Amino acid sequence: MFLFTTHRHTTRELLNALRGGGAACPSSALHLYSQFRLRLRPSDPSHLAWRAAVVTLRPLTAASSLPLISHFHGHLLRSNLLAYPQIASSLLRSYSLLSPPSAHQLFDQIPPATRNTYVLNVMLSSLCRSSDLDSARAFFDDIPDKDIVCWSTMLACYFSRGRLADGFAFFRSVTFTTDIAVDDVMLATLLTACTSAGLLPPFCRAIHGYAIRYAIPPSMHLGTALIDGYTKAGRLDYATRVFALVPHRNVIHWTAMICGMASHLCNNEAVQLFEEMCQRRVQPNEMTFTGALRACVNAGLVEKGRDFFKLMVDRYCLEPDIHHYGCMVDLYAKAGLLEDAYEVIKNMKVEPNVIIWTSLLTACKEFKNFEIAVEGIEKALALGISDENTGLYMLITDLYAMGGRWDGVIKIRRLMQEHNVWKNRGLSSIKVDKPQGLSSAAPS
DNA sequence: TTAGGGTTAG
């Protein structure tokens, strides 16, 4: 925290305070910035002015404060700071995250001389997020000097729209028709797309092989994408090896590894890794706790799970979300502690969803506890019936039958009939030669 | 010293 003293701070000191997180909240950032502007002299180097404005925008954007950003935009216009590409790209990015139409308006007002590669890339990224793919592609085609960021942005756009074949064709065109050197970010983009499309493990190994061949280190995002890819491909051994090789492991690397271990039922290893992470003073986030709690659920470690949940709230001041409550309900329910599970649901700060009710009611069926089941059923029915929760309705039917409540069975059957929803038969398939989503045409 | 990309519950 930056403290104001009787000492008259120089512009450099104020800039360092802004940059060093001395202004985590928007109001203190704007206060520091106004102090900075008061001290700024014509003799100061011009880069001080735009740097201060750039770092002031960060907390405003992090707080998603559109009114403050608009207010700051006014100041930037009046002080002619928007002529700096650094400011233009920062402001454009802030708007594109919070209000894409405002970003597009701003872009039209940026003079062509200011529209450098950074500005164009932010605009492309904004179009990729908020407009149709063809508009983004048209904008991409018009960019004169495309760099790796530009190509990566467009590549991610294809994948995020589910256009796998076009994305792979696009990647091929990067490698075969340009001199662009593929980097770790582009490989991470490619790998993430393969992981979500289930094109593993050969693709994961191929991309990893490419990274090794071209000496691209598994740093940051590529490290996470590899860990996640290998764990989802069932290769915990490779994931562990990559994890060990990541130079500066951050919370996301640890989380990907912990979640990967938990999903493969290496529960004790996941719990150990989580504890090691805390010992090394790496701050866990909400997702890390989901992984750690899931390991406790799988292993039936009720006490440990309870401790982790308490640790999350008390020590790390994290607000539990639906995933954490879901784990806690499951933790107690699977151990037969149905009262505790139901208590979690009653005290939740978010509405329970179909997963939570299914978790509780499945345990009610297993442990033949009709009392809690009846209470739960009443509330679960409030979710309403849809194609997504027919499983829950079937479970409720079973529970009514178990309690001899045939009127309930008839009621649910009638509801399902009225809404024309039926439980689908279990079905699973494996594509062997041609993975799904690879059938569309290559881009022009 | 302004741009792209990564991790969660039945």
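Atom set for the values below is all heavy atoms of this structure, side chains included, hydrogens, waters and symmetry mates excluded. What you see is a predicted model; the values in this text were computed from it and never measured.
Aromatic pair His73(A)/Tyr95(A): centroids less than 6.0 angstrom apart. Between Trp254(A) and Phe274(A), the gap from one ring centroid to the other reaches at least 6.0 Å.
For the pair Ile322(A) CD1 and dA9(B) C1', the computed distance is 9 Å after rounding to whole Å. Taking atom CZ of Phe289(A) as the reference point, atom C1' of dT8(B) lies 13 Å away to the nearest angstrom. When the P atom of dG10(B) is taken as reference, atom NE2 of His324(A) falls 13 Å away, rounded to whole Å. For the pair Leu48(A) CG and dT1(B) P, the computed distance is 10 Å after rounding to whole Å. Separating the CG atom of Leu392(A) from the C1' atom of dA9(B) is a distance of 16 Å, rounded to the nearest angstrom.
The OH atom of Tyr210(A) lies 6.5 Å from the CG atom of Leu187(A); values are rounded to the nearest 0.5 Å.
Electrostatic pairing of Arg241(A) and Asp237(A) does not count as a salt bridge here, judged by no charged N lying under 4.0 Å from a carboxylate O.
For the salt bridge (charged side-chain N to carboxylate O under 4.0 Å, His left out) condition, the pairs that include at least one residue of residues 325-335 of chain A, sequence neighbours left out, are Asp330(A)-Lys334(A).
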Acceptor/donor pairs from residues 302-312 of chain A side chains to any protein atom, 3.5 angstrom cut, sequence neighbours excluded:
residue   : atom : partner   : partner atom : Å
Lys304(A) : NZ   : Glu275(A) : OE2          : 2.8
Arg306(A) : NE   : Tyr332(A) : OH           : 3.4
Lys310(A) : NZ   : Asp314(A) : OD2          : 3.0

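Partners of Ser94(A) according to the side chain to side chain donor-acceptor pair (under 3.5 Å) rule, which considers only residues two or more places apart in sequence or in another chain, are Thr61(A). By the ring pair (Phe, Tyr, Trp, His ring centres under 6.0 Å) test, Phe370(A) pairs with no residue at all, sequence neighbours left out.
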Just by protein heavy atoms under 4.0 Å, how would nucleotides 2-7 of chain B read 5' to 3' in B, S and -?
-> BBBBBB
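Within residues 328-351 of chain A, the residues that place at least one heavy atom under 4.0 Å from DNA chain B are, in residue-number order, Asp330(A), Lys334(A).
The residue Ile227(A) sits apart from the nucleic acid: no heavy atom pair falls under 4.0 Å.
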